[in-house]
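Quick notes on the structure that follows.
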Amino acid sequence: MFDFLIPDFYFHTIYDVPISFYKENNIKGILFDIDNTLEPYQTETPGVKATSLFETLKKNGIKVAVVSNNHEERVKKFCEPLGVYYSYESGKPSSKKINELIEKLGLDKSEVAIVGDQIFTDVWASANSKIKGILVDKINSQESFFIKVKRVLEIPFFKKIQKKGYGKIK
């Protein structure tokens, strides 16, 4: 019934995914969420791991961009050092800003994945945009009350993901 809330792929962290995974799944572009996907909410600029990940992806011909529901100042401050396209106040799970980024990247939807830590924003956005969805575990447990409530509502979907036997990289 709610299969659109089940991601195509599920990993512990995006930092453990080998480049070969992207190539094997015809992923030539990745749209990243920032908060609790790449860095904790409190981290204003990209750390060494995020910077290294983006450099490695780019060196391997994979285009990257950031799609965030956060405000402009936060997203701009994070993305400018990375030199990537970005979208702020994206309204995920809406597909509008995602489709705009895909067009900027010059890729077909079949070649793009979105990576995020939330089912009701990131995974749902992948379904609405008709692109691959990659769910990762949250990086940090410090979250707003609203996000914590959503996490409770995500529990049945995580159980379904685990039941389906998705490979989880640890």
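This is a predicted model, so every value here is computed, not measured.
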Same apolar cluster: V66 and V17, side chain cutoff 4.5 Å: yes

side-chain contact (heavy atoms from CB on, under 4.5 Å) between T37 and I139: does it pass, once the steps are laid out? CA-CA 6 Å; T37 298; I139 291 174; 5.6 Å; no

Can you see which heavy atom on N128 is nearest to which on S94, and at what distance? ND2-N, 4.4 Å

Parallel under 30°, tilted from 30 to 60°, perpendicular over 60°: which one fits the rings of F21 and F11? perpendicular

Short question: side chain of T56, backbone of S52 - any donor-acceptor pair under 3.5 Å? yes

Inter-residue atom distance W124.CH2 - I119.CD1, 0.5 Å rounding: 12.0 Å

Restricting to pairs with a member in residues 48-63, which pass salt bridge (charged side-chain N to carboxylate O under 4.0 Å, His left out), not counting sequence neighbours? none

Heavy-atom pair with the smallest gap, counting every atom of P7 and V123: N-CG1, 3.7 Å

Under the side-chain hydrogen bond (donor to acceptor under 3.5 Å, both in side chains) test, residues paired with K109 that sit two or more places apart: N99

In the structure I gave you, are the side-chain heavy atoms of F9 and L135 within less than 4.5 Å of one another anywhere? no

Looking at N69 and G91, what are the two nearest heavy atoms and their distance? OD1-N, 3.0 Å

In one Ile/Leu/Val/Met/Phe/Trp/Tyr side-chain cluster, 4.5 Å: I34, Y85: no

Which residue pairs pass the side-chain hydrogen bond (donor to acceptor under 3.5 Å, both in side chains) test when at least one of the two sits in residues 21-32, sequence neighbours left out? K28-E111

Decide whether V115 and L105 are clustered together by the hydrophobic rule: side chain heavy atoms of Ile, Leu, Val, Met, Phe, Trp, Tyr closer than 4.5 Å, transitively. no

Could you state whether I131 and F4 fall into the same hydrophobic cluster, counting links through intermediate Ile, Leu, Val, Met, Phe, Trp or Tyr residues with side-chain heavy atoms under 4.5 angstrom apart? no

Are the side chain of D117 and the backbone of V136 linked by a donor-acceptor contact shorter than 3.5 Å? no

Ring pair (Phe, Tyr, Trp, His ring centres under 6.0 Å) with Y15: which residues, sequence neighbours excluded? none

For K97, which residues count as a salt bridge (Lys or Arg N to Asp or Glu O under 4.0 Å) partner, sequence neighbours excluded? none

Which residues pass the salt bridge (Lys or Arg N to Asp or Glu O under 4.0 Å) test with E39, not counting sequence neighbours? none

What residues form a salt bridge (Lys or Arg N to Asp or Glu O under 4.0 Å) with K130, not counting sequence neighbours? none

Going by side-chain contact (heavy atoms from CB on, under 4.5 Å), name the residues that satisfy it together with A113, two or more places apart in sequence or in a different chain. I27, K132, I134

Less than 4.5 Å apart, any side-chain heavy atom of V112 and any of L31? yes

Those residues that, when tested against F54, pass ring pair (Phe, Tyr, Trp, His ring centres under 6.0 Å) (two or more places apart): F32

hydrophobic_cluster_shared for I98 and L5, side chain cutoff 4.5 Å: no

Listed pairs under 3.5 Å, donor-acceptor, residues 74-84 side chains, sequence neighbours left out:
from: R74; atom 1: NE; to: D35; atom 2: OD1; distance (Å): 3.0
from: R74; atom 1: NH1; to: T43; atom 2: O; distance (Å): 2.8
from: R74; atom 1: NH1; to: E44; atom 2: O; distance (Å): 3.4
from: R74; atom 1: NH2; to: D35; atom 2: OD1; distance (Å): 2.5
from: R74; atom 1: NH2; to: T43; atom 2: O; distance (Å): 2.9
from: K77; atom 1: NZ; to: E44; atom 2: OE1; distance (Å): 2.7

Pairwise salt bridge (charged side-chain N to carboxylate O under 4.0 Å, His left out) hits with a residue in residues 83-96, at least two apart: D33-K92, K92-D122

If you take all heavy atoms of L38 and L53, which pair is closest and at what distance? CD2-CD2, 4.1 Å

With a 3.5 Å distance limit and no angle check, can you tell me whether S68 reaches the backbone of N70 through a side-chain donor-acceptor pair? yes

Working to the nearest 0.5 angstrom, can you tell me the gap between I102 CD1 and L107 CG? 8.0 Å

Minimum heavy-atom separation for L101 and S87, please, with both atom names. CD1-CB, 3.8 Å

For a quick test of reading the model, state the closest non-hydrogen atom pair linking G133 to D8 and the distance between them. N-OD2, 2.7 Å

Applying side-chain hydrogen bond (donor to acceptor under 3.5 Å, both in side chains), name anything that partners D108, two or more places apart in sequence or on another chain. S110

